[in-house]
S.K.: 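Structure provided below as structure tokens; questions to follow.
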Amino acid sequence: MMSPDLTTILILTDGRPGHETQSTGIATILNKEENYRVEYLNIQHPKKWLKQFFKMAFSLLPKQWMLNSFISAEQLSHLVATKKIQYILSAGGDTLLPNALLKMYLAEQGIKAKNIIATSLRGMPPKAYDIVFTIDENKKNQSPYLYYPIAPNKLLSFNLEEEQGKARQLLTISKDLNVWSILIGATTQDVNIGPVTEWIGAIQNLVTAYPDDIFFICTSRRTPVEFEKALRSELQNISKVKLILFGEGNLTSVADIMHASNIIICSPDSTSMVSESLMLEKPVFIAQLLSTTMNEGFKEYYTKIQQKGWLQLNSLNNLDIVYELEKFDYSMHADILLEKFNAAT
């Protein structure tokens, strides 16, 4: 149990899970030796026009006056009273202003905290932050940017073998059983993941090809209800298939399933989901079904990651998929990121 006297890593959160997971990942890196206490602070959300005004007049307006639109006076008093804040972390555009303003305010109170943000700056001056994490290769080797192709996230761990063992115990899976995670999101404006009929066919073929293995089919909060109903209708009677459908309120931890897995297959619509999978140092396949389409941004991202050997784009029609495992470079991303953050801080 962490001592209340420990210095604090303060995470500002906008309430969005995709942003909070990045901040949590960075906190895990900075706190590898468990020298810090991690606290979360939910920011307030002023009107969009007011935030734009703050950015335009950032250098002219009183900093505490702007900060009070995001963090209450009572919360600020609590932060000042702790006196031991080493890092301010946040992710997402809505946290740009409060992150920069809080650092300035604390400095006025004699608390010299470093601030780190994971997002594009959207008009904010780079000098307002000590570190700006980015997956944009164009920012590589440019201060204050810290570049890495995969964003830190909540599944980043320095004890992956232990995490896998715990996950298998929780899920009552023997250590010798081969486990597949198939993570399905939803079609978006940028990515068509393919119809449910193609997913059902691919899953059935994999189960037939690998009858001794177990398959967890996990959907997300974005997966349409009708898609989930079709999965259940066609797959629920296959003993080797375990359906973890978000829309049905299944409480099984998808993170535990991913930790317990030997192979992970992701639909291509969420780079956040893919980043979490990659942090586990397991073979990750991006499903390219017959009807799957992606815009140029997604194609470029996956092509670059595939060239590094960290994932494979796969049609799932090749039932010799396990022979592709030799092509992977199982990089220890947590250790690489730790080295980069240590150098930057």
Side-chain angles (χ1 to χ4, degrees), residues 155 163-187 191-270 273-274 276-278 280 282-293 311-325 328:
L155 293 191
E163 297 283 355
Q164 177 170 313
K166 288 180 179 178
R168 290 206 166 212
Q169 282 187 332
L170 286 169
L171 297 169
T172 62
I173 299 172
S174 70
K175 64 180 181 179
D176 299 323
L177 185 62
N178 201 43
V179 178
W180 301 59
S181 289
I182 300 180
L183 311 178
I184 304 174
T187 290
V191 177
N192 182 344
I193 69 169
V196 67
T197 51
E198 290 184 12
W199 280 94
I200 290 169
I203 293 166
Q204 289 173 332
N205 288 338
L206 286 171
V207 172
T208 300
Y210 302 100
D212 296 327
D213 298 352
I214 188 170
F215 296 79
F216 283 90
I217 317 302
C218 307
T219 59
S220 77
R221 63 173 55 83
R222 297 178 296 104
T223 309
V225 172
E226 292 305 315
F227 195 109
E228 292 187 327
K229 286 182 178 179
L231 289 175
R232 176 160 294 287
S233 175
E234 297 297 325
L235 302 175
Q236 65 180 341
N237 293 323
I238 303 176
S239 61
K240 293 293 185 176
V241 171
K242 309 298 180 184
L243 296 172
I244 312 299
L245 306 180
F246 183 88
E248 295 182 356
N250 193 304
L251 299 179
T252 305
S253 168
V254 175
D256 284 337
I257 293 170
M258 293 167 71
H259 275 295
S261 296
N262 302 93
I263 296 173
I264 299 176
I265 296 173
C266 298
S267 60
D269 51 296
S270 171
M273 178 170 64
V274 172
E276 290 183 354
S277 301
L278 290 172
L280 299 178
K282 300 174 185 288
V284 177
F285 292 94
I286 307 302
Q288 277 195 308
L289 306 182
L290 184 64
S291 301
T292 299
T293 59
L311 59 75
Q312 293 288 328
L313 295 163
N314 194 284
S315 68
L316 305 189
N317 289 324
N318 176 11
L319 298 183
D320 291 331
I321 193 170
V322 293
Y323 295 111
E324 300 290 313
L325 303 184
F328 283 89

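Hydrogens, waters and symmetry mates play no part in the numbers below; they use all other heavy atoms, side chains included.
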S.K.: Could you tell me whether a side-chain N or O of Lys229 sits under 3.5 Å from a main-chain N or O of Pro224, the two making a donor and an acceptor?
M.R.: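 Checked: no pair found.
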S.K.: I'd like to check the salt bridge (Lys or Arg N to Asp or Glu O under 4.0 Å) partners of Lys166; sequence neighbours left out, ordered by chain and number.
M.R.: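 Counting only residues at least two positions away or on another chain, Lys166 forms a salt bridge (Lys or Arg N to Asp or Glu O under 4.0 Å) with Glu162.
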S.K.: If every non-hydrogen atom of Asp212 is compared with every non-hydrogen atom of Leu177, which pair is closest and at what distance?
M.R.: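 Distance-wise, the nearest heavy atoms are O-CD1, 3.4 Å.
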S.K.: Less than 3.5 Å apart, any donor N or O on the side chain of Ser174 or Asp176 sitting next to an acceptor on the other?
M.R.: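 Short answer, no.
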S.K.: Rounded at 0.5 Å granularity, tell me how far CG in Asp256 sits from CZ in Arg168.
M.R.: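 Between atom CG of Asp256 and atom CZ of Arg168 there are 12.0 Å.
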S.K.: For the residue pair Phe215 and Tyr210, what are the closest heavy atoms and their distance?
M.R.: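 Scanning both residues, the minimum pair turns out to be CE1-O, 3.7 Å.
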S.K.: Are Leu243 and Asn250 packed together at the side-chain level, in the sense that at least one heavy-atom pair is separated by less than 4.5 angstrom?
M.R.: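 No, too far: nothing below the 4.5 Å cut-off.
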S.K.: Is the side chain of Thr292 donor-acceptor paired with the backbone N or O of Leu289 at a distance under 3.5 Å, no angle test?
M.R.: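 It does hold such a pair.
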S.K.: Should the ring pair Phe328 and Phe285 be called parallel, tilted or perpendicular, given that the plane angle runs from 0 to 90° and is split at 30 and 60?
M.R.: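 Judged by the thresholds at 30° and 60°, the geometry between Phe328 and Phe285 is perpendicular.
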S.K.: Donor-acceptor check, side chain of Glu198 to backbone of Ser291, threshold 3.5 angstrom: yes or no?
M.R.: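 Confirmed, Glu198 side chain pairs with Ser291 backbone.
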S.K.: Is there a side-chain contact between His259 and Ser253 in this structure, where contact means two heavy atoms from C-beta onward sitting under 4.5 Å apart?
M.R.: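 Not in contact.
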S.K.: For residues Asp213 and Lys240, report the shortest heavy-atom separation together with the two atoms involved.
M.R.: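 In terms of heavy atoms, the two residues are closest at O-CD, 3.2 Å.
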S.K.: Determine whether Val207 and Leu235 make a side-chain contact, defined as any pair of heavy atoms from C-beta on separated by less than 4.5 Å.
M.R.: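 Sidechains of Leu235 and Val207: no contact.
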S.K.: Closer than 3.5 angstrom, by distance alone: can the side chain of Thr187 be matched with the main-chain N or O of Ile193 as a donor-acceptor pair?
M.R.: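 Side chain of Thr187 to backbone of Ile193, a donor-acceptor pair under 3.5 Å: yes, one is there.
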S.K.: Kindly give the heavy-atom pair with the smallest separation between Glu228 and Ser220, and that separation in Å.
M.R.: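 Result for this residue pair: OE2-O, 4.3 Å.
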S.K.: Is the side chain of Asp269 donor-acceptor paired with the backbone N or O of Ala186 at a distance under 3.5 Å, no angle test?
M.R.: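 Here the side-chain-to-backbone pair exists.
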S.K.: So, does Thr223 use its side chain to make a donor-acceptor pair with the main chain of Gly247 at under 3.5 Å?
M.R.: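 Flag not set: sc Thr223 to bb Gly247 has no pair under 3.5 Å.
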S.K.: How long is the gap from CD1 on Ile203 to CD1 on Ile217, to the nearest 0.5 Å?
M.R.: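 Here the rounded value is 4.0 Å.
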S.K.: Is a side-chain donor or acceptor of Ser261 paired with a backbone partner of Ile257 at a separation under 3.5 angstrom?
M.R.: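 Flag set: sc Ser261 to bb Ile257 pair under 3.5 Å.
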S.K.: Using every non-hydrogen atom in the two residues, find where Arg222 and Gly185 come nearest and quote the distance to one decimal.
M.R.: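 For Arg222 and Gly185, the tightest heavy-atom pair comes out as NH2-CA, 3.9 Å.
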S.K.: Looking at Glu324 and Gln312, what are the two nearest heavy atoms and their distance?
M.R.: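 Looks like OE1-OE1, 4.4 Å.
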S.K.: Indicate yes or no for a side-chain donor-acceptor contact from Thr219 to the backbone of Phe246 under 3.5 Å, with no hydrogens or angles considered.
M.R.: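 Side chain of Thr219 to backbone of Phe246: a pair is present.
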S.K.: Is there a donor-acceptor pair under 3.5 Å between the side chain of Asn262 and the backbone N or O of Val179?
M.R.: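 It does hold such a pair.
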